[in-house]
Amino acid sequence: MVRAADRAGRPARSSVWLEDRAPRGGGARGGRPSSLDRDRITGAAVRLLDAEGPAGFSMRRLAAELNVTAMSVYWYVDTKDDLLELALDAAYGELEPPDAGEGSVRHPVGDAAGDGGDWRDRLRALAAGYRALLVRHPWVSPLAGTFLNIGPHSMAFSQRVQQVVRDTGLPLRDQTGAIAAVLQFVYGFGTIEGHFVQRCASAGTTQDEYFHQAMTALADQPRFAEDHGSVADLMKARGGDTVEEMRERDFTFALELLVAGIEAMVARSGPGPAQGGPGRAGPGRDPGRDGPAADG
């Protein structure tokens with residue numbers, strides 16, 4: 001068993017995916033409950049994180065959800081952090097393309113996210129899927145910034161993003177910057193959106209009610225009068241009858257700015273790999289081979 005104290009001495013290896021041990025599971029023996037396995041525990045962890053968030057997550061709460069003792073869970077994972085990493089990667093599994101196989105609940109990002117087709121449509125599909133994941137599971141964004149995020153599902157998503165960016169025709173040296181621009185934008189947008197949705201639900205109001213209450217409160221404060229006027233003008237020009245419509249317009253336009261920026265940088269780079277085909281290999285680090293996981 002790997003102790004937390006052991007990991008503290010080698011933080012670079014602080015990941016359940018880097019531990020050299022055989023997977024646990026199987027039938028009941030030595031006090032191990034036959035009704036449990038790692039997949040069932042991980043699924044319950046995802047549901048508990050959806051309900052309580054990381055702050056309300058504990059091994060005792062999880063054990064209670066599974067109707068077992070906390071020690072029973074430790075037959076399958078060494079630490080709470082191990083389980084959080086497993087839950088994080090399970091969430092990224094929802095981003096798998098439709099033809100990725102059977103076995104887990106998925107919210108496909110569409111056929112356009114797979115190989116082939118125009119890179120712009122594939123990039124839009126990947127961005128939309130990642131945003132939806134962050135909104136659906138608000139706990140993903142803080143955990144993605146806490147752990148190495150190198151599980152198989154996360155790495156598969158990373159590889160699909162890298163392939164799309166390679167297919168833009170950007171020079172190899174610029175591809176990690178393009179990946180960062182897109183993923184960090186979606187990460188920030190989806191994180192804030194997810195928190196707002198969660199805040200409205202906690203307050204027992206709709207998003208539109210919460211928004212209008214906030215804008216009214218702002219307008220009623222004299223010290224905010226000038227700021228409110230400029231914000232009101234922006235909101236009127238933005239259009240949209242609901243918060244979701246306004247937010248969708250913002251996301252779509254911002255993503256199109258990034259797509260246009262990539263197109264402009266490809267044109268500026270001059271002769272090189274054909275647009276729509278894979279980038280030409282060159283000296284230096286290959287993000288498709290050596291790049292980090294596509295986390296937040």
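What you see below is based on every heavy atom in this structure, not just the backbone, and it leaves out hydrogens, waters and symmetry mates.
Between F196 and F211, the ring center distance fails the sub-6.0 Å criterion.
W17 has its side chain out of reach of L148: every pair of non-hydrogen atoms, C-beta onward, lies at least 4.5 Å apart. In this structure, Q175 and R166 have side chains that are in contact, with non-hydrogen atoms separated by less than 4.5 Å. Residues V243 and Y210 are not in side-chain contact: their nearest non-hydrogen atoms beyond the backbone lie 4.5 Å or more apart. Looking at L49 and H137, their side chains never come closer than 4.5 Å, going by heavy atoms from C-beta outward.
For the atom pair OG1 of T42 and CG of L84, the computed distance is 10.5 Å after rounding to the nearest 0.5 Å. Atom CD1 of I179 is separated from atom CD of Q184 by 11.5 Å, given to the nearest 0.5 angstrom. Note that the CD atom of Q163 and the OG1 atom of T168 stand 10.5 Å from one another [nearest 0.5 Å]. We find the CG-OG distance between L48 and S58 to be 7.0 Å, quoted to the nearest 0.5 Å. With values rounded to the nearest 0.5 angstrom, L170 atom CG is found 11.5 Å from R268 atom CZ. To the nearest 0.5 Å, atoms CZ (F147) and CG (D82) are separated by 8.5 Å.
Among residue pairs with one or both ends in residues 174-184, none qualify as salt bridge (charged side-chain N to carboxylate O under 4.0 Å, His left out); sequence neighbours excluded. The salt bridge (charged side-chain N to carboxylate O under 4.0 Å, His left out) pairs that include a residue from residues 181-202 are R131-E193, E193-R247, where partners are two or more places apart or lie in different chains. For residues 202-211, no residue pair satisfies the salt bridge (charged side-chain N to carboxylate O under 4.0 Å, His left out) rule, not counting sequence neighbours. Sorted by first and then second residue, the salt bridge (charged side-chain N to carboxylate O under 4.0 Å, His left out) pairs involving residues 55-76 (not counting sequence neighbours) are E52-R61.
Under the 30°/60° scheme for interplanar angles, the aromatic rings of F185 and F251 are found to lie parallel.
Both Y74 and I41 are assigned to one and the same hydrophobic cluster, defined by single-linkage of ILVMFWY side chains at heavy-atom distances under 4.5 Å. I192 and F189 fall into different hydrophobic clusters, where Ile, Leu, Val, Met, Phe, Trp and Tyr residues are linked whenever their side-chain heavy atoms come under 4.5 Å apart, directly or through other members. Hydrophobic clustering places M215 together with M246 (ILVMFWY residues linked when any side-chain heavy atoms are closer than 4.5 Å, directly or through intermediates). Tracing side-chain contacts under 4.5 Å through hydrophobic residues (I, L, V, M, F, W, Y), one reaches L36 starting from M71; they form part of the same cluster. There is no path of hydrophobic side-chain contacts, each under 4.5 Å, that joins M265 to L257.
Annotation for W119 and V164: closest pair O-CG1, 3.5 Å, computed over non-hydrogen atoms. Residues G190 and V135 approach most closely at O-CG2, 3.8 Å, considering heavy atoms. Shortest non-hydrogen contact noted between L258 and A181 is CD1-O, 3.9 Å. Among all heavy-atom pairs drawn from L255 and R124, the shortest one is CD2-CA, 3.9 Å. The shortest heavy-atom contact between R160 and L126 is O-CD1, 3.9 Å. Among all heavy-atom pairs drawn from Y76 and R38, the shortest one is O-NH2, 2.8 Å.
Residues satisfying the side chain to side chain donor-acceptor pair (under 3.5 Å) criterion with T69, sequence neighbours excluded, are S72. Residues that satisfy the side chain to side chain donor-acceptor pair (under 3.5 Å) test with T191, not counting sequence neighbours, are S141.
Formation of a donor-acceptor pair under 3.5 Å by the S158 side chain with backbone atoms of S154 is not found in this model. The backbone N or O of Q213 lies less than 3.5 Å from no partner atom in the side chain of T216, so there is not a single donor-acceptor pair.
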Using the side-chain contact (heavy atoms from CB on, under 4.5 Å) rule, take V182 and V161 through it: C-alpha gap first, then chi angles, then the decisive distance, then the call.
CA-CA 9 Å; V182 174; V161 174; over 6 Å; no
side-chain contact (heavy atoms from CB on, under 4.5 Å), that's the test. Do I262 and R120 meet it? Break it down for me.
CA-CA 10 Å; I262 292 173; R120 299 161 188 82; over 6 Å; no
Verdict with reasoning, Q207 to V197, per side-chain contact (heavy atoms from CB on, under 4.5 Å):
CA-CA 7 Å; Q207 296 181 54; V197 171; 3.7 Å; yes
